[in-house]
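Computed over heavy atoms, backbone and side chain alike; hydrogens, waters and symmetry mates excluded. Read the numbers this way: they start at 1 and go in the same order the structure lists the ligands and their atoms.
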Amino acid sequence: MGKVRHIVESQQFDPPFISELFTKAEGLSRDGYPEGLGRNIMASLFYEPSTRTRFSFESAMHRLGGRVMTTENAREFSSFSKGESLEDTIRIMSQYADLLVMRHSEIGAAKRAAEISPVPIINAGDGAGQHPTQALLDLFTLHRRFGRIDGLKVAMVGDLRYGRTVRSLTYLLSKYKDVELHFVAPKVSQMHHDIKEYLDRRQVRWVDVEELDPILGRVDCVYMTRIQKERFLDLKEYEAANNKYRLSNENIEMMSPDAIIMHPLPRVMEIAPEVDSNPRAMYFEQAANGLWIRMALILHVLKRW
Ligand code: CP
């Protein structure tokens, strides 16, 4: 049987694996995909809302010929609402499905699930913790555009304090050579010290800045994020962070013509709709890349490659 292949956090991946994953994802997107997962069932257990992650995983599984079990809202429509523990839910669901894709509001929930699950757990976001499959598709998008990750300069903008996508992406980027990271956030939503210490240990260059416009011309990618009102405990801090950064047709002209704009989505106001038609806007393509990366990940955890 061998070891169960869980996907819990970005630190578990190394560049050789990521390169293999990208080759697989490219192949699936270019050559089509096998439809041989008919005997496999994936359950999606989402305790928090999602559009892209849940539906791209479900679409990937359907396209691969597999079957999908899902609940519209696990917080309300699973026995979580009756007080069942996460561990008990995983013990039960892992008998009904061959793979569990889970989004939860608590940091570390996916790790707890993986510790007891006999079938693969894929972390689809654990509170303000991590979102490793998003980070892999983000990195895939960068790689598709630039043909490399080494040497890229990336600005991460917005909710860096509670943003699981930026945390996971930072861990992945830190594995490559000469990457430079600009953390653009107001004081109340800066990147946590644990990540900065991790970057220092790996000798990755990073800088905290509060103003967006001065760095627009210095980076290859501006990775915007939404200020997540739902994660702030103090409304005053949310208000201090909100509406501070916005990309529009005016300021994106400060970017290099080859630089790109990414966003894990959903966006609220931080990218004006007029930017969507600019060739630098990559966020819809980025979301589309999620299908290929998640298809490749499903095949991987089910040991098809
Ligand atoms: N990027 C992302 O996780 O989007 P959803 O919340 O819609 O899944």
Side-chain angles (χ1 to χ4, degrees), residues 7-10 13 25 42-63 68 70-77 99-110 113 121-142 144 154 156-173 189 221-232 245 247 260-271 273 275-276 281-298:
I7 295 174
V8 172
E9 59 183 17
S10 284
F13 301 113
M42 181 187 90
S44 45
L45 269 174
F46 277 58
Y47 295 82
E48 284 191 339
S50 167
T51 297
R52 278 145 292 274
T53 312
R54 181 177 146 213
F55 287 110
S56 61
F57 264 117
E58 294 185 1
S59 172
M61 189 63 177
H62 282 299
R63 285 168 195 258
V68 174
T70 188
T71 168
E72 201 54 41
N73 170 357
R75 184 163 285 278
E76 202 177 335
F77 299 125
L99 156 66
L100 305 179
V101 179
M102 191 181 90
R103 171 169 288 186
H104 203 279
S105 53
E106 286 172 29
I107 296 175
I121 297 288
I122 297 184
N123 181 5
D126 58 335
Q130 286 224 22
H131 195 349
T133 69
Q134 176 72 44
L136 288 166
L137 77 88
D138 293 342
L139 205 70
F140 183 55
T141 304
L142 285 166
R144 274 188 139 178
V154 178
M156 299 189 187
V157 186
D159 190 353
L160 309 188
R161 178 176 174 186
Y162 297 115
R164 57 193 173 203
T165 63
V166 285
R167 283 179 68 81
S168 284
L169 182 57
T170 298
Y171 279 123
L172 284 191
L173 286 168
S189 59
C221 170
V222 178
Y223 190 98
M224 296 297 286
T225 65
R226 172 179 71 95
I227 301 293
Q228 302 171 94
K229 186 175 185 184
E230 66 275 22
R231 303 224 186 273
F232 278 79
Y245 306 113
L247 292 179
I260 62 171
I261 301 164
M262 292 174 63
H263 193 311
L265 305 178
R267 72 170 148 184
V268 187
M269 52 60 66
E270 59 279 358
I271 302 178
V275 174
D276 297 356
M282 285 289 285
Y283 28 93
F284 295 123
E285 207 171 317
Q286 178 187 353
N289 285 338
L291 181 68
W292 310 117
I293 285 292
R294 289 175 173 136
M295 216 179 247
L297 288 171
I298 289 171

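- The pair Glu72-Arg54 counts as a salt bridge, with a side-chain nitrogen and a carboxylate oxygen less than 4.0 angstrom apart.
- The 4.0 Å heavy-atom shell around ligand 1 contains residues Ser50, Thr51, Arg52, Thr53, Arg103, His131, Gln134, Pro264, Leu265, ordered by chain and number.
- The only option from Asn123, Ile7, Val8 that meets the side chain to side chain contact (heavy atoms under 4.5 Å, CB included) definition with Gln130 turns out to be Asn123.
- Not a single donor-acceptor pair under 3.5 Å links the side chain of Ser168 to the backbone N or O of Thr165.
- Exactly one of Arg103, Arg164, Glu9 qualifies for a side chain to side chain donor-acceptor pair (under 3.5 Å) with His131. That residue is Arg103.
- Take Arg63 and apply the salt bridge (charged side-chain N to carboxylate O under 4.0 Å, His left out) test, not counting sequence neighbours, and it matches no residue.
- Using a distance-only test at 3.5 Å, with no hydrogens or angles considered, no donor-acceptor pair links the side chain of Ser189 to the main chain of Tyr162.
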